[in-house]
Chemist: 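Below is the structure I would like to discuss, written out as structure tokens.
Note that ligands are numbered from 1 as they come in the structure, with each ligand's atoms numbered from 1 the same way.
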Amino acid sequence: MKKTYVQSEFLEFDSVDELAEEDRKLVYEARKTAHDAYAPYSNFHVGAIVLLVNGVTVIGNNQENASYPLGLCAERVAIFAAGATYPGIKIKSIAITASSDQFNIDQPVAPCGACRQAIAEYEHRYQHPIRLILTGESGKVLVADGIKNFLPHLFDGDSLKAK
Ligand code: THU
């Protein structure tokens with residue numbers, strides 16, 4: 001038996017103003033699209049925007065349902081729409097943010113476990129890491145190069161094949 005450790009790497013910025021222009025624009029767009037979320041039950045409005053390697057962006061926001069489990073997170077709305085509309089085009093980055101009617105979100109919003117798995121699928125699909133840019137309504141920004149930083153020992157299509 002031996003103990004092993006998994007390392008994650010994040011870049012932490014004090015505010016959106018410190019980001020490179022491409023990332024900053026994505027955050028602004030993600031914040032805009034969060035306002036269009038359909039979140040009457042949680043009042044937690046999540047916005048996500050996917051940037052493809054060809055420069056096209058695809059937005060998503062959470063879509064809730066009176067039958068709660070049917071709702072879908074912003075990240076999956078965006079990633080699935082990108083996969084459906086631009087099949088075969090690699091995903092470069094995804095920016096994720098949220099706003100709430102009830103409190104100020106001043107911390108980066110991280111993708112839920114299911115969305116981490118969905119993002120992992122698209123990294124595997126295109127054999128290309130996806131850069132994640134996480135923010136709240138204000139405050140710090142976290143950037144990570146690839147979903148493995150959020151999902152160590154991940155399960156993907158390779159797990160279904162003999163090694
Ligand atoms: N939500 C997202 O859209 N993305 C996440 O990664 C976390 C949660 C949504 C789901 C639900 O509509 C609301 O936020 C509260 O959980």
Side-chain angles (χ1 to χ4, degrees), residues 6 8-13 15-16 19 22-52 56-86 90-126 128-157 159:
V6 183
S8 293
E9 189 178 283
F10 301 93
L11 297 178
E12 192 179 300
F13 298 84
S15 90
V16 158
L19 293 175
E22 180 179 283
D23 290 353
R24 193 167 56 242
K25 279 188 179 160
L26 288 177
V27 168
Y28 290 152
E29 291 304 312
R31 285 182 177 159
K32 253 194 242 165
T33 199
H35 291 292
D36 295 325
Y38 177 59
Y41 305 105
S42 71
N43 289 308
F44 193 76
H45 300 254
V46 185
I49 184 164
V50 164
L51 173 67
L52 306 178
V56 167
T57 54
V58 181
I59 54 144
N61 39 47
N62 48 332
Q63 301 295 317
E64 296 187 347
N65 195 286
S67 174
Y68 291 0
L70 292 191
L72 197 62
C73 293
E75 297 90 323
R76 276 175 286 162
V77 170
I79 289 245
F80 293 164
T85 317
Y86 301 98
K90 293 182 169 79
I91 296 173
K92 183 176 180 187
S93 310
I94 182 168
I96 303 162
T97 189
S99 64
S100 165
D101 305 339
Q102 282 137 5
F103 62 103
N104 180 43
I105 303 174
D106 59 2
Q107 295 292 318
V109 174
C112 78
C115 288
R116 293 175 196 205
Q117 183 67 29
I119 292 167
E121 184 67 31
Y122 281 80
E123 285 195 353
H124 184 261
R125 176 176 180 184
Y126 298 130
H128 190 266
I130 298 175
R131 180 178 167 82
L132 291 107
I133 305 153
L134 314 180
T135 55
E137 291 169 87
S138 59
K140 277 190 317 194
V141 185
L142 271 190
V143 177
D145 238 327
I147 199 65
K148 67 178 190 308
N149 294 292
F150 291 92
L151 197 60
H153 297 296
L154 61 81
F155 180 88
D156 65 16
S159 316

Chemist: Which residue holds the protein heavy atom closest to atom 3 (O) of ligand 1, what is that atom called, and what is the gap in Å?
Modeler: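 So the nearest neighbour among protein heavy atoms is A74 N, 2.9 Å.
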Chemist: Among V16, I96, T97, T57, find the one that has a side chain to side chain contact (heavy atoms under 4.5 Å, CB included) with L26.
Modeler: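 Among V16, I96, T97, T57, the one meeting side chain to side chain contact (heavy atoms under 4.5 Å, CB included) with L26 is T57.
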Chemist: Among E64, R76, R116, which residue places a heavy atom closest to atom 11 (C) of ligand 1?
Modeler: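 Minimum heavy-atom distance to atom 11 (C) of ligand 1 goes to E64.
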Chemist: Which of the numbered atoms in ligand 1 are under 4.0 angstrom from any heavy atom belonging to S42?
Modeler: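 Those atoms are 13 (C), 15 (C).
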Chemist: Provide the number and element of each atom of ligand 1 under 4.0 Å from a heavy atom of V46.
Modeler: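 In order of number, 1 (N), 2 (C), 3 (O), 4 (N), 9 (C), 14 (O).
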Chemist: For atom 16 (O) of ligand 1, is the nearest protein heavy atom under 4.0 Å away?
Modeler: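 For atom 16 (O) of ligand 1 the answer is no, since every protein heavy atom stays at 4.0 Å or beyond.
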Chemist: Could you tell me if any non-hydrogen atom of P111 lies under 4.0 Å from any atom of ligand 1?
Modeler: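 So P111 counts as touching ligand 1.
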Chemist: What pair of heavy atoms forms the shortest contact from A82 to L52, and how long is it?
Modeler: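 Here A82 and L52 meet closest at CB-CD2, 4.2 Å.
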Chemist: Could you list the residues that satisfy side chain to side chain donor-acceptor pair (under 3.5 Å) with R116, not counting sequence neighbours?
Modeler: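 R116 satisfies side chain to side chain donor-acceptor pair (under 3.5 Å) with no residue once adjacent residues are dropped.
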Chemist: Can K92 and E22 be counted as an ion pair, charged N to O under 4.0 angstrom?
Modeler: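 Looking at K92 and E22, the cut-off is met.
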Chemist: What protein heavy atom is closest to atom 9 (C) of ligand 1, reported as residue, atom name and distance in Å?
Modeler: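 The answer is N62 ND2, 3.5 Å.
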Chemist: Check each atom of ligand 1 against the heavy atoms of F44 and keep those under 4.0 Å away; list them by number with element.
Modeler: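 Counting from 1, the qualifying ligand atoms are 14 (O).
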Chemist: Applying salt bridge (charged side-chain N to carboxylate O under 4.0 Å, His left out), name anything that partners K90, two or more places apart in sequence or on another chain.
Modeler: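 Checked K90 against salt bridge (charged side-chain N to carboxylate O under 4.0 Å, His left out); zero matches.
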Chemist: Side chain or backbone of C73 under 4.0 Å from ligand 1, or both, or neither, by non-hydrogen atoms?
Modeler: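 Both of them.
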Chemist: Quick check on contacts: which atoms of ligand 1 are under 4.0 angstrom from a heavy atom of E75?
Modeler: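 Listed by number with element: 2 (C), 3 (O), 4 (N), 5 (C), 6 (O).
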Chemist: Has E9 got more than 12 heavy atoms of other residues, nucleotides or ligands less than 6.0 Å from its CD?
Modeler: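 It does not: E9 CD has 12 such atoms or fewer within range.
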Chemist: Looking only at N/O atoms, are L72 and ligand 1 under 3.5 Å apart anywhere?
Modeler: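 No, there is no polar N/O contact under 3.5 Å.
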Chemist: L154 and A120: which non-hydrogen atoms are nearest, and at how many Å?
Modeler: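 In this case the closest contact between L154 and A120 is CD2-CB, 4.2 Å.
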Chemist: Within the 4.5 Å heavy-atom criterion, are F80 and L72 side-chain neighbours or not?
Modeler: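 Result yes, sub-4.5 Å side-chain heavy-atom pair found.
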